[in-house]
Amino acid sequence: MNITVCIKQVPGTAEVEIDEKTGVLIRDGIDSKMNPYDLYAIETAVRLKEDKQAEISVITMGPPQAEAVIKEAYMMGADKGCLLTDRKFAGADVLATAYALSQGITQMGKYDLIICGKMTTDGDTAQVGPEIAEYLNIPHVANVRKIHKICDKSVIVEMNMAESVEIQEVLLPCLITVEKDICQPRLPSFKLKMKTSDRPVRRITFNDLDDKNVMHYGLNGSPTQVLKIFPPPANTTNEKWEGRGDELSKKLADKLHELKYI
Amino acid sequence: MAKIIVHQDKIKDREATIKVCPFDALEFESNDELILNAACKMCKICVKRLPDIFEYVEDVAPSVNKDEWRGVTVYIDHIEGDIHPVSFELIGKARKMADKIGHPVHCLLMGSNISEIAEQVLHYGADEVFVYDKPQLHDFRIEPYTAVFEDYINKNKPTIVLVGGTTVGRSLAPRIAARFRTGLTADCTTLDVQENTDLDQIRPAFGGNIMAHIHTPNHRPQFATVRYKIFDAPERTKEKSGKLTLCDIVDEKLDSKIKVIEIKKKEKVKSIEDADVIVVAGRAFKKEDDLKMVYDLADELGAMVATTRPLIEAGWMDARLQIGLSGRTVKPKLIITCGVSGAIQFVAGMNNSDMIISINEDPKAQIFDVAHYAIVGNIYEIIPDLVAQIKEMKKEQ
Ligand SMILES: Cc1cc2nc3c(=O)[nH]c(=O)nc-3n(C[C@H](O)[C@H](O)[C@H](O)COP(=O)(O)OP(=O)(O)OC[C@H]3O[C@@H](n4cnc5c(N)ncnc54)[C@H](O)[C@@H]3O)c2cc1C
Ligand SMILES: Nc1ncnc2c1ncn2[C@@H]1O[C@H](COP(=O)(O)O)[C@@H](O)[C@H]1O
C-alpha cells in the first residue's frame with residue numbers, strides 16, 4: 001500500500017518575541033526543525049510498513065530549505081519525498097496550504113492512507129489535515145490515538161474523544177491525523193542517513209500542478225488575512241507581596257478568607 | 001487580491017534586506033531578483049520595516065454580497081445527551097455580536113433522538129434552533145455531519161459560524177470551511193464584529209508568544225473555533241425562548257465510508273476544565289512526596305490539583321492534569337500556582353482565569369506578569385503554614 005505523510009518545517013524554538021513598538025518578530029537564531037507532532041505521523045507510517053508491505057512518501061510545502069525535513073524523514077524510514085515549493089504559494093493560510101498540498105499529493109501518485117500530525121507548533125491550528133481530506137474528497141478521522149488493524153480495503157482506528165474513544169473502520173483511501181499517544185518516534189538512524197544521503201527530493205512547483213489558476217494559491221487563495229500581530233497583553237493590575245514565609249502565608253490565608261474560599 | 005511588490009532597484013544592503021523577514025521568506029533568485037518564497041505568511045513586517053522596497057498593494061477583491069449572508073450560527077456540540085458547555089458560551093458571544101449588527105442568533109443541532117437536547121438549547125437565548133434528527137447521525141462520522149452542515153448553510157446563509165474547539169468541532173469545522181472555500185480561524189480568544197459584518201478574530205500563534213488579528217474580508221460564511229472556557233456562558237433562563245425548527249435531508253447525502261465499531265468509555269475523571277478552584281504544582285517540587293502539601297491545600301479549598309509539563313514528564317501526575325498549550329485550557333474562578341515559572345506555553349492555558357495567585361521565590365518570575373497577587377517566597381515555607389492557618393480559621397468559624 002501507499003502511505004503519504006504530510007510534514008512541515010517549523011521554527012526551532014517557540015521562544016519568539018515581538019517588539020512592542022515596531023511590531024516586529026524577534027526570533028533567537030534562525031534554526032528550524034521538523035514539527036514535533038509530525039514525527040509521530042512518520043513513525044506511525046514506518047511501523048505500518050514494518051508490519052505490512054508499504055511505500056512511504058513524505059510531502060512538505062515550504063521554502064527550499066524545508067528539504068531538510070524530507071531528508072530527516074528518509075533517516076526514519078521514508079522512501080520518497082517531495083518538496084512543494086513556489087513563490088506563488090507565498091502567504092498561504094490554512095485553506096490555500098491544504099489546497100496546494102492536495103494538488104501536490106495528487107501529483108505524487110497513488111495513495112491509500114494519508115497521515116498528518118495533530119497540529120504544527122507555529123500555526124497550531126490542527127486544520128490542515130481535515131481540509132486536505134475535503135479537497136481530495138476522502139473521509140478523515142482526526143485525533144487518532146491507535147491503529148488497530150490495516151485491512152485490504154480499510155483501516156480500523158481509535159479516535160480520541162473527550163470522555164470516550166470511538167473505534168471506526170474507514171474505507172481506504174482516507175486521511176488520519178495522529179496524536180502523540182500513538183507511538184514513540186524513533187531517532188533518525190545513522191545507517192539510513194548514509195544510505196539515503198544522495199536520495200533525491202522531488203520538487204513540485206506551481207507549473208507541475210493540475211490546477212494552474214493562480215487565484216487558488218498563496219495569498220490569492222487565502223480567505224483569511226492577518227491584519228496585524230502584537231504581543232499578548234500583560235496584566236497590569238498586580239500586587240506584589242514580599243516578606244517572611246509565615247507573614248506571607250498569614251496574608252494569603254486572610255486574602256482567601258476575604259475572597260470567601262475559606 | 002493583495003500582494004507584496006518588491007522594488008528591486010531600491011535594495012541597497014542585500015543581507016540586511018533578507019534579514020528583515022523573521023520567517024526566512026525572502027531570497028534572491030539566480031537572476032538576482034529578490035522574491036518572496038512559500039514561507040511568506042503575509043505578516044507585512046517587511047512592508048513596515050522597509051517601506052521603500054516592499055509595497056503592499058490591494059487589487060480588486062472578489063466580491064461577495066455580504067447582505068445575502070445573515071445571522072450568527074452556533075454549532076451545538078453534544079455527547080450522549082449532554083450539551084458541551086462551550087456551546088452555551090458561544091451562544092452568549094453570538095448574542096452580543098448579533099445584537100450589534102441586528103442579526104439573529106441561530107443554533108445548529110444534529111444527532112439522533114435529540115429532541116430533549118434541543119429543548120435545553122432554548123434556555124440560553126437563541127432565536128432559532130435548527131434540528132436535524134436522523135438515525136445516521138447517531139455517532140459522529142465526518143461525511144454525514146459535514147453534509148448536514150452544508151445543507152444548513154446553503155439554506156440559511158449565516159454570515160458567521162462559531163464552533164467549539166472540541167474533538168468533533170476541530171474535525172468538522174475545517175472540513176466544512178474547506179467545502180465552502182472560506183476562511184476558518186482556530187482557537188480564537190477574542191471575537192468581535194464590525195458593522196459591515198466582518199468578524200474580528202484574535203488568536204494566539206507561535207505557542208501563544210504572539211497574538212494575530214485576523215479577518216475574512218471577502219468570503220462568507222466566516223468560521224471560527226473557540227476553546228472551552230474562553231467566553232462566559234449566559235445564565236440559564238427559566239423560561240424558554242426562541243423556536244425549534246425540524247429540518248430534513250435526503251438519506252443519500254448521509255452515506256459514509258466510515259463504520260463505527262464501538263464506543264468505549266474512558267474512565268470518568270473530573271477534568272480540570274470543570275474545576276472552580278485549581279492549585280498548580282510546578283517544577284519547584286523537589287520530589288514526588290512533597291506534592292502532599294498541594295493535595296492538602298487543595299483539600300482545604302475544595303480545589304483540583306493541576307500541573308505543568310515537567311511534572312507530567314517526570315511521571316508524577318496524570319497527563320490530563322497538565323495545563324497549557326499542549327495540555328488543557330482552564331478558566332477557574334481562582335488558580336494558585338506554586339513554584340511555576342510562567343512559561344508562555346503554560347500561561348496560554350490559564351491566563352483567562354478570574355483570579356490568579358502565584359507563589360514563586362524568584363521576584364522576576366514571568367508568572368508574575370499575569371498574577372493578580374504575586375507572592376515572592378518559598379513554597380516549602382508558605383504552603384504547609386498556609387494549610388495550618390486555614391485549618392485554624394475553619395475551627396474558629
Ligand atoms: C511546544 C511546547 C509546548 C509546551 N506545552 C506546555 C504545556 O502545555 N504546559 C506546560 O506547563 N508546559 C508546556 N511546555 C513547557 C514550558 O515551556 C515550560 O518548560 C514549563 O511550563 C515549565 O514548568 P514549571 O514552571 O513547572 O518549571 P520551571 O520553569 O522549572 O519553573 C519552576 C519555578 O519554580 C520556582 N521555584 C523553585 N523552587 C522554589 C521554591 N522552593 N519556592 C518557590 N518557588 C520556587 C523557580 O523560581 C521557577 O520559576 C511546552 C513547551 C513547548 C516547547
Ligand atoms: N506546509 C505544510 N506542509 C506539509 N504538511 C503540512 C503543512 N502544514 C501543515 N501540514 C500538516 O498538517 C498538520 C496540521 O497542521 P496545522 O493545521 O498547521 O496545525 C501538520 O501536523 C502536518 O501534518
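Throughout, protein chains are lettered first and strands after them, A, B, ... in sequence-line order, and every chain is numbered starting at 1.
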Among the options [options], pick out the one with the most heavy-atom pairs lying under 4.5 Å from chain B.
{"options": "A:Leu171, A:Leu84, A:Leu227", "answer": "A:Leu227"}
{"options": "A:Gly218, A:Ala100, A:Pro130", "answer": "A:Pro130"}
{"options": "A:Thr85, A:Asp86, A:Asp93, A:Leu256", "answer": "A:Leu256"}
{"options": "A:Gly129, A:Cys174, A:Ala133, A:Gly62", "answer": "A:Ala133"}
{"options": "A:Lys251, A:His140, A:Lys228, A:Lys180", "answer": "A:His140"}
{"options": "A:Val94, A:Val170, A:Ile262", "answer": "A:Ile262"}

Nearest-0.5 Å distance that lies between atom [atom1] in [X] and atom [atom2] in [Y]:
{"X": "B:Ile261", "Y": "A:Glu166", "atom1": "CD1", "atom2": "CD", "value": "10.5 Å"}
{"X": "B:Ile382", "Y": "A:Leu248", "atom1": "CD1", "atom2": "CG", "value": "4.5 Å"}
{"X": "A:Ser222", "Y": "B:Ile214", "atom1": "OG", "atom2": "CD1", "value": "11.0 Å"}
{"X": "A:Ser249", "Y": "B:Ile375", "atom1": "OG", "atom2": "CD1", "value": "9.5 Å"}
{"X": "A:His257", "Y": "B:Gln389", "atom1": "NE2", "atom2": "CD", "value": "12.5 Å"}
{"X": "A:Met161", "Y": "B:Ser171", "atom1": "CE", "atom2": "OG", "value": "9.5 Å"}

So which part of [X] gets closer than 4.5 Å to some heavy atom of chain B, the side chain, the backbone, both or neither?
{"X": "A:Ile132", "result": "neither"}
{"X": "A:Leu259", "result": "side chain"}
{"X": "A:Gln9", "result": "neither"}
{"X": "A:Gln65", "result": "side chain"}
{"X": "A:Lys88", "result": "neither"}
{"X": "A:Asp246", "result": "both"}
{"X": "A:Tyr261", "result": "both"}
{"X": "A:Leu95", "result": "side chain"}
{"X": "A:Tyr37", "result": "side chain"}

Start with the C-alpha gap between A:Arg87 and B:Leu36, add the side-chain angles, then the distance that decides, and say whether side chain to side chain contact (heavy atoms under 4.5 Å, CB included) holds. CA-CA 6 Å; A:Arg87 52 194 285 193; B:Leu36 280 73; 5.8 Å; no
Side-chain heavy atoms of [X] within contact of [Y], under 4.5 Å:
{"X": "B:Lys257", "Y": "A:Leu172", "answer": "no"}
{"X": "B:Ile359", "Y": "A:Leu252", "answer": "yes"}
{"X": "A:Ile167", "Y": "B:Lys264", "answer": "yes"}

Is a side-chain donor-acceptor pair under 3.5 Å present for B:His215 with A:Thr224? no
B:Val168 portion near chain A, given a 4.5 angstrom heavy-atom threshold: side chain
Sort B:Arg181 into side chain, backbone, both or neither according to what part of it lies under 4.5 angstrom from a heavy atom of chain A. both
List the steps, then state whether side chain to side chain contact (heavy atoms under 4.5 Å, CB included) holds for A:Ile229 with B:Ile45. CA-CA 9 Å; A:Ile229 54 180; B:Ile45 282 173; 4.1 Å; yes
Name the member of [options] that forms the most heavy-atom pairs with chain A at distances under 4.5 Å.
{"options": "B:Cys21, B:Gly183, B:Ala388, B:Pro384", "result": "B:Gly183"}
{"options": "B:Glu381, B:Arg179, B:Lys44, B:Arg170", "result": "B:Arg179"}
{"options": "B:Thr166, B:Asp139, B:Leu184, B:Val277", "result": "B:Leu184"}
{"options": "B:Ala319, B:Ala186, B:Gly302", "result": "B:Ala186"}
{"options": "B:Leu334, B:Asn378, B:Ile176", "result": "B:Leu334"}
{"options": "B:Leu301, B:Thr146, B:Thr182", "result": "B:Thr182"}

Criterion salt bridge (Lys or Arg N to Asp or Glu O under 4.0 Å) on A:Arg244 and B:Asp385, from CA distance to verdict: CA-CA 12 Å; A:Arg244 278 201 338 255; B:Asp385 200 41; over 6 Å; no
Have a look at B:Arg175 and tell me which of A:Gln127, A:Glu131, A:Glu134 forms a side-chain hydrogen bond (donor to acceptor under 3.5 Å, both in side chains) with it. A:Glu134
Heavy atoms only: give me the nearest A:Ala253-B:Met393 pair and the separation to one decimal. O-CE, 3.7 Å
On a heavy-atom basis, which atom in B:Asn37 and which in A:Pro63 lie closest, and how many Å separate them? ND2-CB, 3.4 Å
Salt bridge flag under 4.0 Å for residues B:Lys259 and A:Glu169: yes
Show your working on side chain to side chain contact (heavy atoms under 4.5 Å, CB included) between A:Met159 and B:Phe140 and close with a plain yes or no. CA-CA 11 Å; A:Met159 171 172 66; B:Phe140 171 64; 4.0 Å; yes
Under the side chain to side chain contact (heavy atoms under 4.5 Å, CB included) criterion, do A:Val165 and B:Lys266 qualify, and how do the steps go? CA-CA 7 Å; A:Val165 291; B:Lys266 285 198 267 191; 4.3 Å; yes
